[in-house]
There are 2 protein chains.
Amino acid sequence: MQHFTHHSEENYLKTLYKLENGKVKKVNNIALSKALELNPATVLEMVRKMAERQLVELLADKTIQLTDKGRKKALQIIRKHRLWEVFLVDKLNYKWNEVHDLAEQLEHIESDDLIQRLEAFLGFPSVDPHGDPIPDEHGKLKKIKTQPLSDAPIKKKVTVASLANSSNEFLKYLDKAGISIGDKLEVLEVEAFDGSMKVLHKKSSITLSNEAASNILVVV
Amino acid sequence: MQHFTHHSEENYLKTLYKLENGKVKKVNNIALSKALELNPATVLEMVRKMAERQLVELLADKTIQLTDKGRKKALQIIRKHRLWEVFLVDKLNYKWNEVHDLAEQLEHIESDDLIQRLEAFLGFPSVDPHGDPIPDEHGKLKKIKTQPLSDAPIKKKVTVASLANSSNEFLKYLDKAGISIGDKLEVLEVEAFDGSMKVLHKKSSITLSNEAASNILVVV
DNA sequence: TCATAAAATTTGGGATGCCAAATAAAATAA
DNA sequence: TTATTTTATTTGGCATCCCAAATTTTATGA
């Protein structure tokens with residue numbers, strides 16, 4: 001019977017990848033600890049082990065950085081996570097804001113073959129239910145040029161591509177508003193005072209705060 | 001991020017259940033150790049912990065026995081295992097002899113809701129790809145009255161229901177012979193000398209050893 | 001019954017991951 | 001520059017599962 005070897009390591013890799021590709025440039029021990037919700041002592045210990053395994057580098061200024069090898073591994077996990085999310089939403093009818101924790105478990109299943117078959121079964125989706133692109137089997141990631149809805153041109157039809165914020169609160173907010181990835185929107189009017197906007201959505205006009213609009217990423 | 005707490009325990013429960021419901025009546029430490037491929041010291045330690053958790057009982061004669069609580073848990077795991085096997089075969093086109101190790105991983109995913117949805121998605125199958133019945137959500141198991149093909153009446157059409165032996169060798173053997181769960185068979189002739197038999201299968205006559213025939217379970 | 005084989009148990013470790021609390025080092029503010 | 005805060009690191013431990021090598025108990029056969 002088999003163990004989930006380096007199951008934790010996978011969480012470190014994924015989290016590190018997300019931090020490096022998020023707002024933060026330099027990831028230090030504290031930042032990683034907070035993101036993983038683990039004790040800094042724990043994280044330091046693990047990071048050192050991962051450095052031995054050539055998955056991360058500890059720079060002179062204490063920055064923790066993924067190596068190419070580590071980044072590749074991280075992308076494999078993200079690939080698995082996102083494909084399982086598609087499965088959960090498309091096949092098991094979960095809502096997009098319900099799938100994260102389950103995908104978190106499923107992403108650790110070890111089998112490249114399984115993932116290839118799953119991908120084919122799902123019809124080679126290019127994005128997950130949150131609109132985030134799914135890396136290919138080599139870890140390549142297609143980037144989609146998106147912009148916040150708050151910056152979108154007025155009176156142009158745009159499509160919801162992904163979200164800048166995947167917090168549960170925001171996902172629920174969008175769910176209540178009925179907004180999903182792939183929906184068409186059109187900015188009707190922007191309020192100069194607070195940046196809130198009137199937006200056409202499914203033939204009706206809704207109002208979004210600047211906060212909400214800046215977290216909805218769209219393609220023109 | 002979440003741990004697979006008591007992941008091992010689930011393997012103990014499942015293995016114990018299978019031993020108790022197999023040929024062996026009394027399961028001792030050695031038998032369980034062998035089945036789990038673990039050191040007896042390890043198994044003893046774990047069994048004692050599981051006894052504290054009321055999952056097993058250690059009888060006076062050293063027999064290890066599942067409690068009702070333990071059996072219920074074991075059946076939940078078997079349920080998950082078998083449903084995932086159906087998924088792998090029906091949806092991802094795996095062969096029935098390829099799915100065991102993957103299902104072994106998937107069965108540890110923690111979510112009752114996921115399993116219910118998976119079951120619905122698969123169309124509420126009653127048996128797994130090996131013909132073994134899938135326990136319902138309460139752990140109830142429909143028993144099918146099967147008999148070894150070697151005991152089947154002559155010149156009666158019977159249906160392959162399950163296998164008494166799920167070893168990889170046997171599964172491959174059946175795969176080569178083209179015999180699957182649900183296939184119709186008819187015993188044409190039994191050789192008194194060695195118990196081998198001529199069997200009608202898909203309009204052609206094949207010969208099976210007594211060894212093979214006694215591991216193929218059929219319903220009349 | 002007595003020797004021997006088999007099974008059960010004890011003992012001392014190991015690896016992985018985790019934590020709290022103490023200390024050291026570095027960065028920031030006054 | 002010194003005091004304060006933040007970050008990094010060390011230390012000692014804990015829980016879960018696992019092992020090998022005794023040792024003790026129990027069974028079995030002669």
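Sequence lines set the chain letters: A, B, ... in the order given, protein chains first and strands last, and positions in each chain run from 1. Not measured: the values here are computed from a predicted model. Scope of the values below: all heavy atoms of this structure, side chains included, with no hydrogens, waters or symmetry mates.
Between A:Glu9 and A:Lys49 there is no salt bridge, since no side-chain nitrogen of the basic residue lies less than 4.0 Å from a carboxylate oxygen of the acidic one. A salt bridge links B:Arg71 and B:Asp68; the closest N-O separation between the charged side-chain nitrogens and carboxylate oxygens is under 4.0 Å.
Ranking D:dC17, D:dT7, D:dT10 by closeness to the B:Ser8 side chain, first place goes to D:dC17. With D:dC17, D:dT7, D:dT9 as the candidates, the nucleotide lying closest to the side chain of A:Leu44 is D:dT9. Proximity note for A:Met46 (side chain, C-beta onward) versus D:dT9, C:dT9, C:dC18: the nearest is C:dC18. For A:Asn28, the side-chain atoms get nearest to D:dT7 when compared with the rest of D:dT9, D:dT7, C:dG17. Of the candidates D:dT16, C:dT9, D:dT10, the closest approach to any side-chain atom of A:Ala41 belongs to D:dT10. For B:Arg48, the side-chain atoms get nearest to C:dT9 when compared with the rest of C:dT9, C:dG17, D:dT9. Which of D:dT16, D:dC18, D:dA8 sits closest to the side chain of B:His6 comes down to D:dT16. In the set C:dA7, D:dC18, C:dG17, the nucleotide with an atom closest to the side chain of B:Ile30 is C:dA7.
Between A:Thr42 and C:dG17 there is no side-chain polar atom (N or O) within less than 4.0 angstrom of OP1 or OP2. Not one side-chain nitrogen or oxygen of A:Tyr12 sits closer than 4.0 Å to the OP1 or OP2 atom of C:dT16. For C:dT9, one of the phosphate oxygens OP1 or OP2 lies less than 4.0 angstrom from a side-chain nitrogen or oxygen of B:Lys62.
Between the NZ atom of A:Lys34 and the P atom of D:dA8 there is a distance of 10 Å, given to the nearest Å. For the pair B:Ile64 CD1 and C:dT9 C1', the computed distance is 12 Å after rounding to whole Å. In this structure, A:Asp61 atom CG and D:dT7 atom P are separated by 14 Å, rounded to whole Å. A straight line from NZ of B:Lys26 to C1' of D:dA27 spans 14 Å, rounded to a whole angstrom. Rounded to whole Å, atom P of C:dA26 lies 15 Å from atom CG of A:Asn29. Rounding to whole angstrom units, CG of residue B:Leu32 and P of C:dA7 are separated by 14 Å. One can place CG of A:Leu38 at 13 Å from C1' of C:dT16, the figure rounded to the nearest angstrom.
Not a single donor-acceptor contact under 3.5 angstrom links the side-chain atoms of B:Glu45 to the base of D:dC17. The base of D:dA20 sits within donor-acceptor range of the side chain of B:Asn39, with an N or O pair under 3.5 Å.
Looking only at atom types and distance, the side chain of A:His81 has a donor-acceptor partner in the side chain of A:Glu85 under 3.5 Å away.
Where B:Ala31 and A:Lys49 meet DNA chain C, the nucleotide closest to each residue was compared, and B:Ala31 sits on the side nearer the 5' end.
The local environment of NZ in A:Lys18 is crowded, with over 12 non-hydrogen atoms from other residues, nucleotides or ligands closer than 6.0 Å.
Nearest heavy atoms, B:Glu110 versus A:Gln105: N-OE1, 2.7 Å.
Classification of the B:Trp96-B:His130 ring pair by plane angle, with boundaries at 30° and 60°, yields parallel.
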